[in-house]
Amino acid sequence: MKHVKVNMDEGGIIHVNSEASDVITISQIEDEETRFKTIVRLDSLKQSLNADSYQIISKIEDSVNIIVRNRLTYYQKRNENLEDVIDKMVLDIQQINEPIESRLSAEQINDRISEYLFDKGIFLPFEFAIYHPDSDSLLSVKSNHFYSENISTSYKTRLFPENIFNKPELLLLNFPDKKAHILKSLALLLSGSGLFTIIILVTFFITVRIILKQKKLADIKSDFINNMTHEFKTPIATISLAIDSINNSKVIHDPEKIKHFTGIIGEENKRMNARVENVLQMSLIDKQDFAFRYEDVDMHAIIHEVVKQFELQIQKQDGNIHFDLLAHVHSIETDVDHMTTILTNLVDNALKFSDNKPEITIATENSNKFFSIKIKDNGLGMTKEEKHKIFDKFYRVSKGDIHNVKGFGLGLSYVKAVVLSMGGKIDVESTPGTGSEFIISIPIDQM
């Protein structure tokens with residue numbers, strides 16, 4: 001932007017130079033007569049100029065006035081700030097040797113601190129003091145319960161931070177209940193975090209437990225299917241072989257051989273029927289709907305009938321069954337079919353888990369209003385862990401190091417479910433290597 005210089009010679013002629021490097025305004029002309037003549041000359045000049053030239057000169061004149069006015073304002077503010085600084089320095093010099101006690105009182109400091117903390121939302125009791133670090137001492141302006149041992153735990157700040165001449169005094173602020181306040185303010189957060197952590201841990205525990213349970217059920221299901229397939233496959237194959245033998249031309253005209261093979265078919269059919277009953281027992285256990293038909297039953301007679309079914313198996317294993325039937329009241333009100341199945345399952349288990357020459361003892365006794373049966377064997381016995389699981393569905397105790405015991409793992413769970421449904425009790429005592437003893441107690445009267 002080009003500047004315009006306005007000059008007047010001795011003859012009163014105004015010269016306008018657009019290339020001038022310095023700028024003045026009419027208001028800066030001190031001589032009034034000269035300023036008046038300048039204005040008149042400028043008015044005459046404006047009239048002689050065309051409109052475009054007049055606008056340019058007006059804009060230049062306005063810009064010149066703005067520049068000069070801004071500079072004058074800047075220097076005026078600097079002068080005012082300088083005066084304030086000088087006044088403050090004078091005041092600080094006057095007060096530099098004045099004791100703190102004469103300038104501030106404990107009440108004033110207490111009120112200012114209280115007001116500041118209130119604005120910040122802090123409503124804790126506090127103690128304060130003025131500390132002189134050079135002498136490592138507290139001044140007399142302090143609260144009643146601020147002690148020297150509080151210095152290290154207090155918040156510190158300069159007492160007069162705006163003073164030009166620094167003074168060493170520090171304002172100390174101590175909150176006696178700071179820890180309690182912090183804990184209280186964090187109580188909701190900590191309790192929420194703790195509750196959330198507990199929920200996560202419980203959820204994790206439940207999830208892991210469900211996963212393990214599902215895995216266990218999957219293994220049990222697989223074992224059940226394998227056992228069921230094996231238990232049905234063997235008699236089916238035997239029956240099929242017997243039928244093929246009967247249809248043989250050398251056998252079909254021999255009544256004795258036909259009778260022999262039909263007997264085999266009948267035995268295998270009974271075996272399959274027993275396995276089907278075992279599977280049906282599973283649904284009865286789930287429903288707990290046994291539909292008992294109570295009648296007077298001689299339990300000693302039922303025991304002998306059940307043992308008679310196992311005579312051939314006992315002889316084959318070169319074993320013995322001993323009786324110790326001491327119950328004087330052995331005629332009880334119960335369901336004969338279910339009691340027969342219970343005793344059959346218990347005797348069958350005793351034979352299964354006896355290695356060589358099984359020795360089984362069956363004893364009875366009366367206890368209060370119950371008829372108790374004890375079936376003891378000299379088998380492998382069970383660990384504490386196995387004792388807690390033997391009444392679970394599908395669970396089968398391993399025989400030695402091999403899991404080769406036949407069955408679906410439903411017998412003992414059925415026994416327990418029926419005994420409890422009759423209002424009775426069942427217990428087991430066992431030690432690894434010495435055998436097991438099952439004790440069932442059935443109410444004598446089902447009234």
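Sequence positions, counted from 1, serve as the residue numbers for this chain. All values derive from a computational prediction rather than experimental measurement.
- By the 4.5 Å heavy-atom criterion applied to side chains, Glu169 and Leu139 are counted as neighbours.
- Residues Leu138 and Ala129 come closest through the heavy atom pair CD2-CB, 4.1 Å.
- You'll find the side chain of Ile130 stays beyond 4.5 Å of the side chain of Leu172, heavy atoms only.
- To the nearest 0.5 Å, atoms OG1 (Thr341) and OH (Tyr414) are separated by 4.0 Å.
- Side-chain contact between Lys374 and Glu365: present, with at least one pair of heavy atoms (C-beta onward) separated by less than 4.5 Å.
- The line from OH of Tyr294 to NE2 of His338 is 9.0 Å long, rounded to the nearest 0.5 Å.
- Atoms CD1 and CG, from Ile444 and Asp296 in turn, are 11.5 Å apart once rounded to the nearest 0.5 Å.
- Note: Ile321 CD1 to Phe310 CZ = 8.0 Å, rounded to the nearest 0.5 Å.
- With a 4.5 Å cut-off on side-chain heavy atoms, Val329 and Phe370 do not count as touching.
- In this structure, the side chain to side chain donor-acceptor pair (under 3.5 Å) partners of Ser441, at least two apart in sequence or on a different chain, are Ser372.
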- Message: Checking Phe391 against Ile426 for the side-chain contact (heavy atoms from CB on, under 4.5 Å) test, could you report, in this order, the C-alpha distance in whole Å, the side-chain angles of both residues, the deciding distance, and whether it holds?
- Response: CA-CA 10 Å; Phe391 295 112; Ile426 184 167; 3.6 Å; yes
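- In the displayed structure, His388 atom NE2 is contacted under 6.0 Å by at most 12 heavy atoms of other residues, nucleotides or ligands.
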- Item | Steps toward side chain to side chain donor-acceptor pair (under 3.5 Å) verdict (Glu359, Asn378) | CA-CA 6 Å; Glu359 296 291 334; Asn378 63 337; 5.8 Å; no
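- Shown here for Leu325 and Thr364, the closest heavy-atom pair between the two residues is CA-OG1, 3.2 Å.
- Using a distance-only test at 3.5 Å, with no hydrogens or angles considered, a donor-acceptor pair links the side chain of Gln108 to the main chain of Ser105.
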- Message: Walk me through whether Ile314 and Asn320 qualify under side-chain contact (heavy atoms from CB on, under 4.5 Å).
- Response: CA-CA 7 Å; Ile314 295 171; Asn320 292 294; 5.7 Å; no
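- Applying the side chain to side chain donor-acceptor pair (under 3.5 Å) test to residues at least two apart or on different chains, the pairs with a partner in residues 423-435 are Ser430-Ser436.
- Of the options Leu190, Leu189, Leu195, a side-chain contact (heavy atoms from CB on, under 4.5 Å) to Ser193 is made by Leu189 and by none of the others.
- The shortest distance between side-chain heavy atoms of Asn366 and His328 falls below 4.5 Å.
- Counting only heavy atoms from C-beta outward, the side chains of Val428 and Ile439 never approach each other to under 4.5 Å.
- Screening Asp377, Ile373, Ile375 against Leu346 for a side-chain contact (heavy atoms from CB on, under 4.5 Å) leaves a single residue, Ile375.
- Nearest heavy atom pair, residue Leu124 against residue Asp177, reads CD2-O, 4.3 Å.
- For Lys142, the NZ atom sits in a packed shell: over 12 heavy atoms of surrounding residues, nucleotides or ligands are nearer than 6.0 Å.
- The side-chain contact (heavy atoms from CB on, under 4.5 Å) with Thr238 is formed by just one residue from the set Ile264, Ile265, Asn269, Ile243; it is Ile264.
- Note: Thr361 OG1 to Phe323 CZ = 10.0 Å, rounded to the nearest 0.5 Å.
- Inter-residue side-chain proximity for Thr334 and Phe292 is flagged as unmet; no heavy-atom pair is nearer than 4.5 Å.
- Of all heavy-atom pairs between Ser154 and Phe146, the closest is OG-CZ, 3.4 Å.
- Checked by atom type and distance alone, the side chain of Thr203 pairs as donor or acceptor with a backbone atom of Ile199 at under 3.5 Å.
- Applying the 6.0 Å contact sphere to CG of Asn247 captures more than 12 heavy atoms from other residues, nucleotides or ligands.
- Phe123 CZ: more than 12 foreign heavy atoms inside a 6.0 Å radius.
- Contact record, Ser143 with Glu127: OG-OE1, 2.5 Å, taken as the closest heavy-atom pair.
- Around the NZ atom of Lys156, the shell of radius 6.0 Å holds more than 12 heavy atoms that belong to other residues, nucleotides or ligands.
- Smallest separation of non-hydrogen atoms from Asn150 and His145: OD1-O, 3.9 Å.
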- Taking it one step at a time, do Lys178 and Tyr155 satisfy side-chain contact (heavy atoms from CB on, under 4.5 Å)? CA-CA 12 Å; Lys178 179 177 65 174; Tyr155 297 97; 3.5 Å; yes
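- The shortest distance between side-chain heavy atoms of Asp298 and Ile332 does not fall below 4.5 Å.
- Below 30°, between 30° and 60°, or above 60°: for His300 and His330 the angle between ring planes is below 30°, a parallel geometry.
- Panel note: side chain Asn345, backbone Val415; no donor-acceptor pair is recorded below 3.5 Å.
- A search for side-chain contact (heavy atoms from CB on, under 4.5 Å) contacts involving Thr383 returns Glu385, Glu386, Pro432, not counting sequence neighbours.
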- Task: Take Val419 and Ile442, measure what side-chain contact (heavy atoms from CB on, under 4.5 Å) needs, and give me the verdict at the end.
- Result: CA-CA 7 Å; Val419 169; Ile442 306 296; 4.0 Å; yes
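- The 12-atom threshold is exceeded at CD of Glu149, counting heavy atoms of other residues, nucleotides or ligands nearer than 6.0 Å.
- Atoms CD1 and CE, from Ile302 and Met339 in turn, are 8.5 Å apart once rounded to the nearest 0.5 Å.
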